[in-house]
There are 2 protein chains.
Amino acid sequence: MMDEMEIVKRLKEKGYVLSMPRIAILRYVLSHRTHHTAESIYKALRQEYPNISMATVYNTLKLLSKEGVVHQIMIDENKVVYDSNTYFHPHFKCRVCGKIEDVDLPFNFQIPDELGGRKIEDFHIYLYGVCADCRKKLGI
Amino acid sequence: MMDEMEIVKRLKEKGYVLSMPRIAILRYVLSHRTHHTAESIYKALRQEYPNISMATVYNTLKLLSKEGVVHQIMIDENKVVYDSNTYFHPHFKCRVCGKIEDVDLPFNFQIPDELGGRKIEDFHIYLYGVCADCRKKLGI
DNA sequence: CTTTTGATTTATAATTATTCTTGAAAGAAG
DNA sequence: CTTCTTTCAAGAATAATTATAAATCAAAAG
């Protein structure tokens, strides 16, 4: 996974202007390599950058997603979550508390780059159920 | 996969009232065992039931999904798609034309019902890329 | 059969996540 | 500098979905 300097270099080469809000968002997601939403980033950055706007957060996340710096994950039916840990891993969502977690599968998983004539460029695995904490609390 | 009669029986046992719009929606999705959206069902049924409402379609799809008659698939970032083919199969979305297709994996795939302390109740696999038609058209 | 009761429907308003628009500001290029 | 382009913030607009409230309907009881 690339570090900030390499990413900044690559984005500049692509002609993007690395303005203050973009750098702030990039730096924030890279320093927390986990799941984010537009809203959570907005709230976290509003303290330091009080006049950043939601639209900028959305636009920047879309940009970073297009450039592969973060991955869009669609495990949640009502919002898009962005993951700055871009190594492939399945995601799990607890139906009780709603928490999203990374999971490791107990076996190797490989998707061919061609399937039935289609070109496969990306794939996602989402698991649903009850997380360990909620099982304990509920005794199930 | 259960047929209409069995499903109706099971839903009645659970105490649901099987009203006309519910039956119509159920019958429609069972006679087209593929992907639907609230909107596509609404449009299809409006001819025969001119005063059915979107809210009813949404509510009924949610009910059918809760009861396992259809599956919610979240491959599309801006709307929920319902699949009335409830045998497990991965889904594919073409990034060019947006079409959603069922795919067969060239190997067996099994998820344990417990993983890292979590209870796994359901899982989804989504593939993204370019479909066979679009590849032909674009020559890629 | 009626009546009653609670579930369901419709129409519409509200909400939520996201995108678009606009004018201003900041950068890059000449 | 001056011009051309890109990006920004703010808020309006949009699309999918959910909530609300009044009307209707289905099923059970009488």
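Letters A, B, ... are given to chains in the order of the sequence lines, protein chains preceding strands, and every chain is numbered from 1.
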Using 30° and 60° as the class boundaries, would you call the ring planes of Tyr128(A) and His124(B) parallel, tilted or perpendicular? perpendicular
Cation-pi between Arg118(A) and Phe92(B): NZ/CZ under 6.0 Å from ring centre and within 45° of the ring axis? yes
Starting at CG of Leu61(B) and ending at P of dA16(D), how long is that distance when rounded to a whole Å? 14 Å
Send over the distance from Ile23(A) CD1 to dC8(D) P, rounded to a whole Å. 11 Å
How close or far is atom P of dC8(D) from atom CG of Asn51(A), stated in whole angstroms? 12 Å
What's the closest nucleotide to the Ala55(A) side chain, out of dA11(C), dT6(D), dA10(D)? dA10(D)
Sub-4.0 Å heavy-atom contacts from residues 63-82 of chain B onto DNA chain D, ordered by number: Asn78(B), Lys79(B), Val80(B)
Leu18(B) CG to dA27(D) P, in whole Å, measures 8 Å
Checking all strands, does Lys62(B) fall into the base, sugar-phosphate, or nothing category for heavy-atom contacts under 4.0 angstrom? sugar-phosphate
Nearest to the side chain of Ser53(A), which nucleotide is it out of dA9(D), dT9(C), dA7(C)? dA9(D)
Contact under 4.0 Å: Ser19(B) side-chain N or O vs dT9(C) OP1/OP2: yes
Could you label the plane-to-plane angle of the His91(A) and Tyr126(A) rings as parallel, tilted or perpendicular, counting under 30° as parallel and over 60° as perpendicular? tilted
Between P on dA10(D) and CZ on Arg46(A), what's the gap in Å once rounded to a whole number? 12 Å
What is the distance, rounded to the nearest whole Å, between atom CE of Met20(A) and atom P of dA26(C)? 11 Å
If you check every side-chain atom of Pro21(B), which of dT6(D), dT8(C), dT9(C) has the closest atom? dT9(C)
Any Arg22(B) side-chain N or O less than 4.0 Å from OP1/OP2 of dA26(D): no
Classify the angle between the aromatic ring planes of His32(A) and Tyr28(A) as parallel (below 30°), tilted (30 to 60°) or perpendicular (above 60°). tilted
Derivation and outcome, ring pair (Phe, Tyr, Trp, His ring centres under 6.0 Å), residues Tyr87(A) and His89(A): CA-CA 6 Å; Tyr87(A) 284 122; His89(A) 56 276; 8.7 Å; no
For Thr56(A) and for Lys12(B), find the nucleotide of DNA chain D with the closest heavy atom, then tell me which residue's nucleotide is more 5'. Thr56(A)
Taken to the nearest whole Å, CE/Met54(B) to P/dA15(D) is 12 Å
Could you check how far OH of Tyr42(B) sits from C1' of dT9(C), rounded to whole Å? 13 Å
Describe the nucleic acid contact of Ile52(A) in one word from base, sugar-phosphate, nothing, applying a heavy-atom distance below 4.0 Å. sugar-phosphate
Is Tyr82(A) close to Gln72(A) at the side-chain level, that is, under 4.5 Å between some pair of heavy atoms? yes
Return the 5'-most residue of the pair Thr37(A), Thr60(B) with respect to DNA chain C, ranking by each residue's nearest nucleotide. Thr60(B)
Ignoring hydrogens and angles, tell me if any N or O in the side chain of Thr60(B) forms a donor-acceptor pair with the backbone of Thr56(B) under 3.5 Å. yes
Could you tell me whether Arg95(B) and Asp122(A) make a salt bridge, using a distance below 4.0 angstrom between a side-chain N and a carboxylate O? no
As a test of reading the structure: which of dT17(D), dT19(C), dT7(D) is closest to the side chain of Tyr58(B), going by heavy atoms? dT17(D)
